[in-house]
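Below is one structure, written out as structure tokens; comments come after it.
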Amino acid sequence: MKTKLSKVSAMLALLLCDVAQADVLPAYQSSSQWYVDAQTKLTEKLHTNNQFKAKNVILFVGDGMGISTLTAARILEGQMAGEPGEEHYLSFEQFPHTALIKTYNVDAQTPDSAGTMTAMMSGLKTDAGVIGVREEVVRGNCASVAGNEVVTALELAEIKGLATGVVSTARITHATPAATYAKSADRDWEDNSDMPEGQTECMDIADQLVHFEHNLEARYTGVDVDGIDVVMGGGRRHFLPKDAAFNSADAVSSVEGDRTDGRDLTAEWLEMYPQGKYVMDQTGFDAIDPATDHKVFGLFNESHMQYEQDRANDIAGEPALSEMTEKAIDVLSNNPKGYFLMVESGRIDHGHHAGSAYSALTDAIEFAQAVKVAMENTNPEDTLILVTADHGHVFTIAGYPKRGNPILGKVVNVGATEPATADDGLPYTTLGYTNGMGFQDLGSETDADEVYNQTSAAGRNDLTNVDTESAGFHQEALVPLSSETHSGEDISLHARGPGAQLVQGVMEQSMVFHVINQALGLVNE
């Protein structure tokens, strides 16, 4: 270790045009683990690959994964591994380049996922609630879309001849995944039944996904693409007719489909891609052979996929986000030109909306595992991996808990053994929300959305005899609302691979597109 530190000190002296200061440091300082770790990380950063061009780009989006979520998930993952937790790192937190990202929409101080993801995919910010269009569009006005569509990184990758993929634990027609391929004046137009009555000019989002290839070729003269290669997520109901005869094996509703036009879009996809594979459960997923199945369409739930901790309760079985990520990479790697893949953990956001730190954080940990899988299955010399969020949540880490105190637990102050109490005489948790439905004690319930079947209980509650670390505990909230809200502060962007060094400082969210473009040479190469 002494040799390594000497080399680092010499390098720093050269860079700073100064003399080495190692001799004035007490041995206990230079040999402490904190000091050694920092020097080691600095050495790694100084040897970062400075090539800008990549063969592949993977964009990971943790929906709702604000800074406080990263901190709490990091601690929880460390504590689950038997550590105090605070010194732990999520897989991507050790990437060599990091920036802060401003998340506001053109018309909103606190953003939504449609506007934020459109910014990341197109390079320009837009209004809240609209997808794949610029700010001139009026939300809910179909006629305002024509002439205001923006081209996305995924579309440009298709035009360039790269393989493309979209993976999400949310409905694949939900705002974040939809912003990679769709143009819509309203994020809620997921199928035709969601659209204004009598509206025939605009296609619903599910229809746009299935007919992506035709629509892209029609939009640009002379363009010939082969369509998105991998699509995996939830949201079957938007692709199936409102007819029980089309129900899937794990349908929850008596009639699974929502479409009122009688169309089965999964059948239409198979007709266009007869060699493709459509799957809807774990068995079908496991049977995908990347060597032969080069077009994959997976819809694993009627609505959103399960929370990670609730996944075992799915009737037909669902793959984990990390499993879908690995499979997508294997399939897309068949293209010798490279690929663009977007992977979203959509249910981090939903856990927070439900006021469940447990669900949000365990999904964030699985998200970090998906990034780890991508790291293990790609080459950092030719693959740029970007990890970010679309926005944060009003989720706080508060009080003065001692080191190693359970992050999901009640605050126990430094030097104490019993939970601290507030001025009202009641204990309180480290984690909490500024608004939302508030406290619920649902025991071992792993589906955070069960809270919506309860009565709002915002404000203070007596947690003395409540297990706040259980899956079914929902944190207290100050302001009573039917659902917790997004927040407006910056989120983080982490980068590894060719072009990663462009990620630094404070950046507009629309810059994410430009980093991808620089790496893949999608425009003005």
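Remember, predicted model here, so these are calculated numbers, not experimental data. Values below: every heavy atom of this structure, side chains too, minus hydrogens, waters and symmetry copies.
The one candidate from Arg134, Glu135, Glu136 that meets the side chain to side chain donor-acceptor pair (under 3.5 Å) condition with Asn148 is Arg134. Each of Asp264, Leu240, Asp191, Asp194 was evaluated against Arg259; a single residue qualifies, Asp191, per the side chain to side chain contact (heavy atoms under 4.5 Å, CB included) test.
Taking OG of Ser303 as the reference point, atom CZ of Arg237 lies at 4.0 Å (rounded to 0.5 Å). The OG1 atom of Thr118 lies 10.0 Å from the CD atom of Gln509; values are rounded to the nearest 0.5 Å.
Under the 3.5 Å distance criterion, with hydrogens and angles disregarded, no donor-acceptor pair is assigned to the side chains of His174 and Glu190. Side-chain contact annotation: Tyr181 with Asn215, donor-acceptor N/O pair under 3.5 Å absent. Under 3.5 Å, the side chains of Asp258 and Ser193 contain no donor-acceptor pair of N or O atoms. No side-chain donor-acceptor contact under 3.5 Å links His88 and Arg74. Between the side chains of His391 and Ser113, at least one donor N or O sits under 3.5 Å from an acceptor N or O. Inspection of the Asp382 and Asn379 side chains reveals no N or O donor paired with an N or O acceptor under 3.5 Å. Side-chain N/O atoms of Glu508 and Ser510 include no donor and acceptor closer than 3.5 Å. A side-chain donor from one of Arg236 and Ser248 sits under 3.5 Å from a side-chain acceptor of the other. No side-chain donor-acceptor contact under 3.5 Å links Thr126 and Asn105. Residues Glu344 and Ser168 bring a donor and an acceptor atom of their side chains to less than 3.5 Å of each other. The closest side-chain donor-acceptor pair between Glu318 and Asn301 falls under 3.5 angstrom. Defined by atom type and a distance below 3.5 Å, a donor-acceptor pair is missing between the side-chain atoms of His486 and Asp112. At a cut-off of 3.5 Å, with distance as the only test, no side-chain donor of Asp363 or His350 sits close to an acceptor on the other residue.
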Distance-only donor-acceptor pairs under 3.5 Å for side chains of residues 282-289, two or more places apart:
{"unit_1": "Gln282", "atom_1": "NE2", "unit_2": "Asp286", "atom_2": "OD1", "d": "2.9"}
{"unit_1": "Asp289", "atom_1": "OD1", "unit_2": "Ala291", "atom_2": "N", "d": "3.0"}

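Of all heavy-atom pairs between Pro380 and Pro498, the closest is O-CD, 3.3 Å. Taking each heavy atom of Phe513 and Gly123 in turn, the nearest pair found is CB-N, 3.3 Å. Among all heavy-atom pairs drawn from Ala519 and Leu384, the shortest one is CB-CD2, 3.6 Å. Closest approach of Thr164 to Ala157, counting heavy atoms only: CG2-CB, 3.9 Å. Shortest non-hydrogen contact noted between Ser184 and Trp189 is OG-CE3, 3.6 Å.
A 4.5 Å side-chain heavy-atom check between Val133 and Val145 finds at least one atom pair inside the cut-off.
The aromatic rings of Trp269 and Tyr273 sit tilted relative to each other, their planes meeting at an angle between 30° and 60°.
Thr103 pairs by the side-chain hydrogen bond (donor to acceptor under 3.5 Å, both in side chains) definition with nothing, not counting sequence neighbours. Taking the ring pair (Phe, Tyr, Trp, His ring centres under 6.0 Å) definition, one finds that Tyr278 meets it with Phe297, sequence neighbours left out. Glu271 pairs by the salt bridge (Lys or Arg N to Asp or Glu O under 4.0 Å) definition with nothing, not counting sequence neighbours. A search for side-chain contact (heavy atoms from CB on, under 4.5 Å) contacts involving Thr69 returns Met65, Ile348, His352, Leu361, Ala364, Phe395, not counting sequence neighbours.
Residue pairs meeting the ring pair (Phe, Tyr, Trp, His ring centres under 6.0 Å) criterion with at least one partner in residues 206-235, sequence neighbours excluded, are absent.
In terms of modelled atom types and a separation under 3.5 Å, the side chain of Asp490 and the main chain of Leu100 share no donor-acceptor contact. A donor-acceptor pair under 3.5 Å links the side-chain atoms of Lys295 to the main chain of Asp226, judged by distance alone. Thr388 contributes a side-chain N or O that, together with a main-chain N or O of Ser492, makes up a donor-acceptor pair within less than 3.5 Å. Judged by distance alone, the side chain of Ser144 and the main-chain N or O of Val137 form no donor-acceptor pair under 3.5 Å. Not a single donor-acceptor pair under 3.5 Å links the side chain of Asn377 to the backbone N or O of Glu326. Gln199 places no side-chain N or O within 3.5 Å of a backbone atom of Pro196 that could act as its donor or acceptor partner. The backbone N or O of Val252 lies less than 3.5 Å from a partner atom in the side chain of Glu302, making a donor-acceptor pair. Side-chain atoms of Asn334 never come within 3.5 Å of backbone atoms of Asp293 as a donor-acceptor pair (strictly under, hydrogens ignored). Looking at Thr180, its side chain never comes within 3.5 Å of a backbone N or O of Thr176 through a donor-acceptor pair.
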After noting the C-alpha distance and the side-chain angles of Asp229 and Tyr339, does the key distance pass the side chain to side chain donor-acceptor pair (under 3.5 Å) rule? CA-CA 10 Å; Asp229 301 282; Tyr339 59 81; over 6 Å; no

| message | Please evaluate residues Lys327 and Glu323 with respect to the criterion salt bridge (charged side-chain N to carboxylate O under 4.0 Å, His left out), reporting the C-alpha separation (whole Å), side-chain torsions for both, the decisive distance (0.1 Å), and the verdict. | response | CA-CA 6 Å; Lys327 189 82 76 173; Glu323 293 176 319; over 6 Å; no

Please determine whether side-chain contact (heavy atoms from CB on, under 4.5 Å) holds for the pair Val167 and Met342, giving the CA-CA distance in whole Å, both sets of side-chain angles, and the decisive distance to 0.1 Å. CA-CA 6 Å; Val167 173; Met342 193 288 293; over 6 Å; no

Practice prompt. Before giving the answer on side chain to side chain donor-acceptor pair (under 3.5 Å), spell out for Ser322 and Glu366 the whole-Å C-alpha distance, their side-chain angles and the decisive distance to 0.1 Å.
Written response: CA-CA 7 Å; Ser322 55; Glu366 170 58 20; 2.7 Å; yes

* Glu268 and Arg263: salt bridge (charged side-chain N to carboxylate O under 4.0 Å, His left out), yes or no, with the steps? -> CA-CA 8 Å; Glu268 292 183 21; Arg263 296 166 61 194; 2.9 Å; yes

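The aromatic ring centres of His97 and His494 sit 6.0 Å or more apart.
With a 6.0 Å radius and a threshold of 12 heavy atoms from other residues, nucleotides or ligands, Gln275 has its CD atom at or below the threshold.
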